[in-house]
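Read through the structure below, which is laid out as structure tokens, and then see the notes.
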Amino acid sequence: MIRESYRQKEENELVKASIDGDKLAFGEIVTRYQGMVARTVKGMLGDSVFAEDIGQEVFIKLFQSLSEFRGEAKLSTYIQKIAINLTLNEIKRRKRFFSMFTQSGNNKMREYMIADQNTEERKEASEIVHKALSSMDPKFRIVVIMRMLQGYSTKETAAMLDLPLGTVLSRLSRAQEQLKGILRKL
Amino acid sequence: MKASVIKELLIKSLDSDADPGDISRKLEDAGISYNFSFEFRDKVLSRISAAGSAKVRELELVKNFNYAFYRIALTGVAAIVILLISIFLMQGSLSFDSFLGLSDSYDESIICLLTGN
């Protein structure tokens, strides 16, 4: 009943209430944006328990920095930027960690990815996307995820990643070439 | 959705003139969706609460230290003032030696006092 009333609330009301320490209001923000964060984090890191931890970190960081949020940008953009930064940091950290033990860090990383779809067809579709994404260079992968899974326009992707529009366009084109090569082998 | 259709859709999604919103919806319909576990929200909230109470504990510890420091410092200052007043009343003047209790002692008597000979 109480949670239902939070569902009706505007975003800025939820932000204000969260800053004042209302945990239920922040819980509603988590509910609204966890899908978006999951697409970015799991798309980049694979469907693993580590991705869930990073997802939690995203919202904890959001809670800690919520008082600095001035509302100039959308809350979704603010959350997305935190998710992108934490995910890219995690990739760098993992690369460093795995490179201490093996030369092929990327291959080892992929072993942590676990598919969770049920039906055969859905499982196959999901596996194709997982394999394609995990085989891509992270700087192309993030552009592809913003576009393909989040549904952002090229302009929005550029703003989200703090990149010039031209860079995003060239990365998309190079990512498409890379993707064609990867999908041919699958 | 067949694998070949998915592959086609993935490649098309990166075309500069493609509608990314439409493609992401189609991919979601095909089963490419990403979600966290059912209890994700509760886990986030409990981690926030745990971090909050740890911070409160830390602040309380600092507050207690500050309180203890002020109590000790004030008592110390009061003791020094009482000592100075008592020295002044007993000897009629204040000197550094009398403050340290050395007014009647010579170097040799201190050595005797310390060594016991």
Side-chain angles (χ1 to χ4, degrees), chain A residues 21 23-24 26-28 30-31 34-35 37-43 47 49 51-52 55-60 62-64 116-119 121-130 132-133 143-144 146-154 156-157 169 172-173 175-177 179-180 183-184 186, chain B residues 1-70:
Chain A
K23 296 274 162 60
L24 283 175
F26 190 71
E28 178 58 26
V30 176
T31 307
Q34 61 173 310
V37 172
R39 281 193 291 276
T40 300
V41 176
K42 288 196 168 185
D47 201 358
V49 281
E52 180 117 359
Q56 289 175 18
E57 292 289 334
V58 170
F59 286 103
I60 290 165
L62 171 71
F63 186 77
Q64 288 165 345
D116 68 348
Q117 303 296 323
N118 294 322
T119 63
E121 212 171 59
R122 280 174 171 250
K123 198 175 169 183
E124 195 186 3
S126 191
E127 257 172 28
I128 290 169
V129 176
H130 278 314
L133 285 175
V143 176
V144 173
M146 290 294 117
R147 177 104 175 152
M148 197 167 74
L149 299 180
Q150 300 285 17
Y152 289 125
S153 68
T154 318
E156 286 169 325
T157 306
L169 283 168
L172 272 174
S173 144
Q176 197 175 36
E177 286 310 308
L179 193 64
K180 278 179 191 169
L183 291 175
R184 225 175 281 135
L186 293 177
Chain B
M1 212 179 272
K2 279 183 181 173
S4 58
V5 183
I6 293 286
K7 287 178 185 177
E8 187 72 21
L9 204 61
L10 291 180
I11 292 165
K12 253 189 176 178
S13 72
L14 303 182
D15 279 340
S16 54
D17 57 343
D19 177 0
D22 183 48
I23 286 169
S24 67
R25 266 191 302 277
K26 280 182 184 167
L27 286 172
E28 212 171 328
D29 290 343
I32 296 142
S33 62
Y34 293 89
N35 287 302
F36 291 124
S37 62
F38 184 68
E39 67 273 26
F40 179 80
R41 176 185 171 278
D42 297 331
K43 279 183 189 169
V44 171
L45 293 182
S46 66
R47 276 184 71 178
I48 286 170
S49 298
S53 52
K55 208 166 189 177
V56 167
R57 274 200 302 275
E58 203 177 291
L59 283 173
E60 265 177 12
L61 189 73
V62 171
K63 223 167 112 182
N64 287 339
F65 266 124
N66 272 345
Y67 180 71
F69 175 77
Y70 281 119

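Chain letters run A, B, ... following the sequence lines, proteins first, then strands; residues in each count from 1.
Residue A/L62 does not touch chain B at all, counting heavy-atom pairs closer than 4.5 Å. The parts of B/D15 that come within reach of chain A are both its backbone and its side chain, each placing non-hydrogen atoms under 4.5 angstrom from that chain. The contact between A/F63 and chain B is made entirely by side chain atoms (from C-beta outward), counting heavy-atom distances below 4.5 Å.
Note: B/I32 CD1 to A/R39 CZ = 12.5 Å, rounded to the nearest 0.5 Å. For the atom pair A/K42 NZ and B/N35 CG, the distance stands at 7.0 Å (nearest 0.5 Å). If you take CG on A/L172 and OG on B/S13, they are separated by 8.5 Å, rounding to the nearest 0.5 Å. Interatomic distance, NZ of B/K43 versus CD1 of A/I60, reported as 11.5 Å (0.5 Å rounding). Atom CZ of residue A/R147 and atom CD1 of residue B/I23 lie 7.5 Å apart, to the nearest 0.5 angstrom.
Of all heavy-atom pairs spanning B/S37 and A/Q34, the tightest one is O-OE1, 4.5 Å. Summarising the geometry of A/G27 relative to B/R41, their closest heavy-atom pair is O-NE, 3.3 Å, with the distance given to 0.1 Å. A/E52 and B/F40 get closest at one heavy-atom pair: OE2-CD1, 3.6 Å. Taking every heavy atom of both residues into account, B/S24 and A/G151 meet most closely at OG-CA, 3.8 Å. Looking at every heavy atom in both residues, A/F59 comes nearest to B/I48 through O-CD1, 4.4 Å. Shortest non-hydrogen contact noted between B/Y34 and A/A38 is O-CB, 3.5 Å.
When the shell of 6.0 Å around CD of B/E58 is examined, it contains 12 or fewer heavy atoms from other residues, nucleotides or ligands. Crowding of B/K12 atom NZ: a count of heavy atoms from other residues, nucleotides or ligands under 6.0 Å not exceeding 12.
Per-residue heavy-atom pair counts under 4.5 Å with chain B were compared for A/T154, A/V37, A/L169, and the maximum is reached by A/V37. Contact tally against chain A (heavy-atom pairs below 4.5 Å) for B/D42, B/D19, B/L10: the top residue is B/L10.
A/R184 places none of its side-chain heavy atoms less than 4.5 Å from the side chain of B/K7.
The backbone N or O of B/I11 lies less than 3.5 Å from a partner atom in the side chain of A/Q176, making a donor-acceptor pair.
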